[in-house]
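Predicted model only: the values in this text are computed from it and were never measured.
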Amino acid sequence: METASPRRGTPARPTLVFAPIDPAACDRPPKNVDIAAQSVHVWAFLIDASVEAGSAWRRVLSADERARADRFVHAPDRGRWTVARGVLRHLLSRYCGVPPHAIAFELGPSGKPSIALGTRVHGGVTFNLAHSKGRAMLAVARDAPVGIDLEQERRDFDPMPLARQFFFERELEAIASAPAGRQREAFFRHWVAKESVLKAQGVGLSFPLDRFFVSFDAGERVARVQSQDPETLSPEWFVRVLQPEPGWHAAIASRGEGWDVEIMA
């Protein structure tokens, strides 16, 4: 996967296809990608890779990133993190117009990474990365905060006790009222939606999940946010549900309703 062909997203859950990205792309000048002000680009890619591919992606990492990768005890975890970070740099380089290794990152007050001002050659590029069990998604926007989350639907636990512990009452009602056999699906749909909002806001799980709730439309394709602490977590976030392969759930959040999703391939 090395082209940048946008497939215009619609409210009907844009479909995500995960594919590997060739690390040899980093040896070629980056092909610049333009992004409109009201668009969010989403890239879906695989991060399981051979030792050789992992070594190739490692070449574009900073010294700090290589040191962090080396702290992983298990080789598969180390390889996945290295590939995810290398692909992140490669894709962002196409928006910023600089080589992958030249991108510098900085952390917000709650640890959310962003592109350091000095490397925003095209100006205002924002991003958020999610990865889980060999798959990853990257959301890219311009002059707008964005958050994305990806989760595999697990079947080894009862979701309702966890929902009662962390979710808002209205969300519990929505999950409990789901048709028989679909409560687990409803739980994970709410989970990724809420996580995408927290990541967009840049507060992470330091903000209690039961201090805000998401309300889905009848088609379960978009969700709006109501916050019990609007000074810390804005109610202006709007969530769009994405459709990965079966058994996976994903959602993306940004401010207002006037933005659209473009699936990149």
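- Although no hydrogens or angles enter the test, the distance criterion places a donor-acceptor pair under 3.5 Å between the side chain of Lys194 and the main chain of Phe212.
- Side chain to side chain, Gln152 and Ser132 fail the donor-acceptor criterion of an N or O pair below 3.5 Å.
- A donor-acceptor pair under 3.5 Å is formed between the side chain of Thr126 and the backbone N or O of Ala144.
- Distance check: Phe166 CZ to Leu209 CG gives 7.0 Å after rounding to the nearest 0.5 Å.
- At a threshold of 4.5 Å between non-hydrogen side-chain atoms, the residues Leu150 and Pro244 count as touching.
- Glu185 and Arg182 are joined by a salt bridge, as a carboxylate oxygen and a charged side-chain nitrogen come within less than 4.0 angstrom of each other.
- Around the CD atom of Glu257, the shell of radius 6.0 Å holds more than 12 heavy atoms that belong to other residues, nucleotides or ligands.
- Side chains of Ile21 and Leu46 form no contact here, defined as non-hydrogen atoms less than 4.5 Å apart.
- Pairs of residues two or more places apart, or lying in two chains, that qualify as ring pair (Phe, Tyr, Trp, His ring centres under 6.0 Å) and include a residue from residues 127-156 are Phe105-Phe127.
- Here CD of Glu106 is found 9.5 Å from CD1 of Ile115. Values are rounded to the nearest 0.5 Å.
- Side chain of Gln183 to main chain of Ala176: a donor-acceptor pair is present (N/O by atom type, distance under 3.5 Å, no hydrogens or angles).
- A pairwise comparison of heavy atoms in Gly54 and Thr82 identifies O-CG2, 3.5 Å as the closest pair.
- Clustering ILVMFWY residues whenever any of their side-chain heavy atoms sit less than 4.5 angstrom apart, transitively, puts Leu107 in a cluster other than the one holding Leu61.
- A donor-acceptor contact shorter than 3.5 Å links the side chain of Ser177 to the backbone of Glu173.
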| task | Assess whether side chain to side chain contact (heavy atoms under 4.5 Å, CB included) is satisfied between Arg240 and Trp259, documenting all intermediate values. | result | CA-CA 10 Å; Arg240 297 191 187 279; Trp259 53 276; 3.5 Å; yes
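- No side-chain heavy atom of Leu129 sits under 4.5 Å from any side-chain heavy atom of Ile148.
- No donor-acceptor distance shorter than 3.5 angstrom exists from the side chain of Asp22 to the backbone of Ala25, with no hydrogens or angles considered.
- Nearest heavy-atom pair across Val192 and Arg189 is CG2-O, 3.4 Å.
- How far OG of Ser93 is from CD1 of Ile103: 5.5 Å, rounded to the nearest 0.5 Å.
- Donor-acceptor pairing under 3.5 Å is recorded for the side chains of Arg255 and Ser234.
- Separation of atoms CZ (Phe213) and CD (Glu171) is listed at 7.5 Å; rounding is to 0.5 Å.
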| Arg211/Phe168 under side chain to side chain contact (heavy atoms under 4.5 Å, CB included): CA gap, chis, key distance, verdict | CA-CA 7 Å; Arg211 294 293 294 161; Phe168 201 85; over 6 Å; no
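- Across every non-hydrogen atom of Ala253 and Ala200, the tightest pair is O-CB, 3.9 Å.
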| query | Does the pair Tyr95 and Asp34 meet the rule for a side chain to side chain contact (heavy atoms under 4.5 Å, CB included), with working shown? | reply | CA-CA 7 Å; Tyr95 293 90; Asp34 293 324; over 6 Å; no
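- Put simply, the side chain of Ser110 gets close to the backbone of Gly202: a donor and an acceptor are under 3.5 Å apart.
- Note that NE2 of His90 and CG of Leu138 are 11.0 Å apart. Values are rounded to the nearest 0.5 Å.
- Side-chain atoms of Leu162 and Phe167, non-hydrogen and from C-beta on, never get closer than 4.5 Å to each other.
- Remark: side-chain polar atoms of Arg142 are not paired, donor with acceptor, to backbone N or O of Gly124 under 3.5 angstrom.
- Separation of atoms CG (Asp77) and CZ (Arg71) is listed at 14.0 Å; rounding is to 0.5 Å.
- When the side-chain hydrogen bond (donor to acceptor under 3.5 Å, both in side chains) test is applied to Ser62, the partners found at least two apart in sequence or on another chain are Glu65.
- Proximity of Val87 to Ile47: side-chain heavy atoms (C-beta onward) are nowhere separated by under 4.5 Å.
- Note on Phe157 and Leu172: same hydrophobic cluster, where clusters join Ile, Leu, Val, Met, Phe, Trp and Tyr whose side-chain heavy atoms are under 4.5 Å apart, directly or indirectly.
- When the side chains of ILVMFWY residues are joined at heavy-atom separations under 4.5 Å, either directly or via intervening members, Leu92 and Trp57 end up in a single hydrophobic cluster.
- Put simply, the side chain of Glu262 does not reach to within 4.5 Å of the side chain of Ile35, judged on heavy atoms.
- Nearest heavy atom pair, residue Val214 against residue Ala193, reads CG2-CB, 4.2 Å.
- Sorted by first and then second residue, the ring pair (Phe, Tyr, Trp, His ring centres under 6.0 Å) pairs with a member in residues 215-256 read Phe188-His249, His190-Phe216; sequence neighbours excluded.
- Sorted by first and then second residue, the pairs that involve residues 128-139 and meet salt bridge (charged side-chain N to carboxylate O under 4.0 Å, His left out), not counting sequence neighbours, are Arg135-Glu245.
- The salt bridge (charged side-chain N to carboxylate O under 4.0 Å, His left out) contacts involving residues 46-64 comprise Asp27-Arg59, Asp48-Arg80, Arg58-Asp70, where partners must be two or more places apart or lie in separate chains.
- Checked by atom type and distance alone, the side chain of Lys112 never pairs as donor or acceptor with a backbone atom of Val203 at under 3.5 Å.
- For the pair Arg164/Pro161, a side-chain contact is recorded, criterion being any heavy-atom separation below 4.5 Å from C-beta on.
- Qualifying ring-ring contact (aromatic ring centres under 6.0 Å, His included) partners for Phe18, counting only residues two or more places apart in sequence or in other chains: none.
- Side-chain contact between Val146 and Ile252: present, with at least one pair of heavy atoms (C-beta onward) separated by less than 4.5 Å.
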| task | Give the intermediate values and the outcome of side chain to side chain contact (heavy atoms under 4.5 Å, CB included) for residues Val241 and Val222. | result | CA-CA 6 Å; Val241 174; Val222 299; over 6 Å; no
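- When every heavy atom of Met160 is checked against every heavy atom of Ile175, the shortest pair comes out as SD-CG2, 3.6 Å.
- With Ser227 contributing its side chain and Leu233 its backbone, the two residues share a donor-acceptor pair below 3.5 Å.
- Ionic pairing of Glu153 and Arg184 is not present here: no N-O contact between side-chain nitrogen and carboxylate oxygen is shorter than 4.0 angstrom.
- Closest heavy-atom contact between Pro100 and Arg89: O-NH1, 2.9 Å.
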